[in-house]
Amino acid sequence: MMNVFRIDVGGPSREFFFKLSRLLFNPHYGLFQYSNSNTYTIEISPFASQIEDSLQWFKFAGRVIGFAIIQGYLLDVFFAPHVYKALLNRPFSMNDIEAIDVSFYNSLVYLQENDPEDLQLTFSVEEETPEKVVEVELKKGGSKIPVTKKNRKEYVKLMVNWRLSRGVQEQMEALIASLRELIPLKYLSPFDARELEWVIAGTPEINLDDWKANTVYCGGYSAQHKVITWFWKAVEYYSNEQQLRLLQFVTGTSSIPFGGFKVLGGGHCFTIQMLRGNPDMLPIAHTCFCRLDLPCYNSPEDLRAKLTLAIEECEDFALN
């Protein structure tokens, strides 16, 4: 067998972590679930404890997040806002409830605006477990403490905390502890929840002007070359999803990092290099260097057809 020496200067590793996260945080595998039916943000599943060695999986998830942050790799995961707050040790709010459960949020709003004594509530709640439904006290002796106008503010706060941590506290603690082993809280505390989302997952919204402004041309290409003009017209024609596919094809990730395209490749700008030779060749991507080798096509139609074929058919990462 021939031994081939290959160098990974970031591209394959970046793509590996991106695709690993796509599997690890996939709700279909049971560790996580969609936070509601109208969004693709996720949270820990309250039934994750049924999965064998689930705590080890959440420790692994924490390490993946931590290592990705350290290396500057983006992950293919968007958590619900309260998950980022848990990672930052920040208190939950009513807005976090509204983001995942509007009906539950509305019930708490109603409670704040009306007399709760008619509802005959106590500081306890019924919680569904894999085995049965159990009564959980929101505070010590809560099942015997009625909710009144005087204490309803405390009740709402406890209900928010319960709703966002029910059945997942042990799993969340395992994930957070593992993350803290790599990145102590003091290094994350300057971020708010939205900023931490950008650090972990970037943003899927592409600013085409920013992309163009931070693209380098070489090998005979320039911003004014006709093939480059055709290239950007093809990208403008693409849907946001196709633009993200192109981005992943060239860089190994389909999200934009905190800071935009100027920090996209960990030191390597998005680069388009002329590929001389047969104009019928497909474009070639070098994810290590965020570089696209683009043949000199004979027409804009040829370019768009070849580029589209490349980004939609070539998905597996490889060491360049």
Side-chain angles (χ1 to χ4, degrees), residues 13-14 16-35 41-93 95-97 99-100 127-131 134 136-140 157-202 255 257-258:
S13 295
R14 186 165 56 244
F16 171 78
F17 268 83
F18 191 80
K19 292 194 171 184
L20 171 64
S21 66
R22 181 175 293 172
L23 294 173
L24 179 60
F25 299 105
N26 190 325
H28 296 295
Y29 296 119
L31 294 174
F32 297 87
Q33 66 179 17
Y34 291 116
S35 56
T41 61
I42 65 169
E43 61 183 351
I44 295 176
S45 169
F47 300 106
S49 60
Q50 298 181 71
I51 296 175
E52 185 177 359
D53 297 325
S54 66
L55 293 183
Q56 294 301 316
W57 280 110
F58 283 103
K59 289 179 182 179
F60 177 62
R63 288 189 175 276
V64 168
I65 294 171
F67 189 83
I69 292 174
I70 292 170
Q71 295 297 325
Y73 300 152
L74 295 179
L75 301 180
D76 189 13
V77 56
F78 288 90
F79 293 115
H82 70 277
V83 177
Y84 295 109
K85 286 189 174 181
L87 297 180
L88 293 169
N89 197 29
R90 303 281 173 81
F92 299 138
S93 71
N95 290 337
D96 300 323
I97 293 290
I100 67 168
E127 181 175 305
E128 183 180 357
T129 70
E131 295 82 20
V134 298
V136 175
E137 293 188 330
L138 299 175
K139 58 188 294 187
K140 188 175 181 179
K157 180 180 179 180
L158 292 174
M159 283 294 286
V160 167
N161 289 335
W162 168 80
R163 172 61 182 84
L164 297 176
S165 60
R166 62 179 181 183
V168 303
Q169 188 166 354
E170 191 176 10
Q171 288 73 25
M172 180 61 79
E173 288 175 354
L175 189 154
I176 291 174
S178 183
L179 172 62
R180 294 277 188 274
E181 290 176 1
L182 294 179
I183 307 178
L185 178 60
K186 65 180 180 179
Y187 296 115
L188 294 178
S189 58
F191 299 105
D192 61 24
R194 182 61 172 163
E195 290 168 338
L196 184 60
E197 178 184 58
W198 289 337
V199 169
I200 293 174
S255 291
F258 188 63

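Throughout, residue positions are numbered sequentially from 1 according to the sequence presented.
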Tyr34 and His28 aromatic ring geometry - parallel, tilted or perpendicular at 30°/60° bounds:
perpendicular
Spatial distance of atom CZ (Arg63) from atom CG (Leu182) [nearest 0.5 Å]:
5.0 Å
What I'd like to find out is whether the side chain of Leu87 reaches to under 4.5 Å of the side chain of Leu175, using heavy atoms alone.
yes
Can you tell me how far the CZ atom of Phe58 sits from the CE atom of Met172, to the nearest 0.5 Å?
8.5 Å
Any Leu75 side-chain heavy atom under 4.5 Å of Phe17 side chain
yes
Compare all side-chain heavy atoms of Ile100 with those of Arg163 and state whether any distance is below 4.5 angstrom.
yes
Given side chains that start at C-beta, do those of Ile97 and Leu164 come closer than 4.5 Å, heavy atoms only?
yes
Measuring only between side-chain heavy atoms, which start at C-beta, is Phe16 closer than 4.5 Å to Tyr73?
no
Output field: ring centroids Phe191/Tyr84 closer than 6.0 Å
no
Phe60 CZ to Ile65 CD1 distance, which is reported to the nearest 0.5 Å:
11.0 Å
Which heavy atom in Ala193 sits nearest to a heavy atom in Leu88, and how many Å separate them?
N-CD1, 3.7 Å
Arg180 side chain near Asn89 side chain, heavy-atom distance below 4.5 Å:
yes
Say you draw a straight line from CD1 of Ile69 to CG of Leu74; how long is it, rounded to the nearest 0.5 Å?
10.5 Å
Checking Gln171 against Leu31 for the side-chain contact (heavy atoms from CB on, under 4.5 Å) test, could you report, in this order, the C-alpha distance in whole Å, the side-chain angles of both residues, the deciding distance, and whether it holds?
CA-CA 9 Å; Gln171 288 73 25; Leu31 294 174; over 6 Å; no
Please check if the number of heavy atoms outside Gln169 that lie under 6.0 Å from its CD is greater than 12.
no
Closest heavy-atom pair and its distance - Ser178, Gly62
OG-C, 3.9 Å
I need the Leu138 CG to Trp162 CH2 distance, nearest 0.5 Å.
8.0 Å
Just how far is it from atom CZ of Arg166 to atom CE of Met159, taken to the nearest 0.5 Å?
9.0 Å
Using atom types as modelled and distance alone, determine if a side-chain donor or acceptor of Ser21 lies under 3.5 Å from a backbone N or O of Val77.
no
Among residues two or more places apart or on two chains, list those pairs meeting side-chain hydrogen bond (donor to acceptor under 3.5 Å, both in side chains) that have a residue in residues 43-57.
Gln33-Glu43, Glu43-His82
Ring pair (Phe, Tyr, Trp, His ring centres under 6.0 Å) with Phe78: which residues, sequence neighbours excluded?
none
Flag side-chain contact, heavy atom, 4.5 Å: Leu179 against Leu188
yes
Taking the side chain as C-beta and beyond, is there a heavy-atom pair between Lys85 and Ser93 under 4.5 Å?
yes
Where is the tightest heavy-atom contact between Ile42 and Pro27, given as atom of each residue plus distance?
CG2-CG, 3.9 Å
Could you tell me which non-hydrogen atom of Ala86 sits nearest to which non-hydrogen atom of Phe92, and how far apart they are?
N-CE2, 4.2 Å
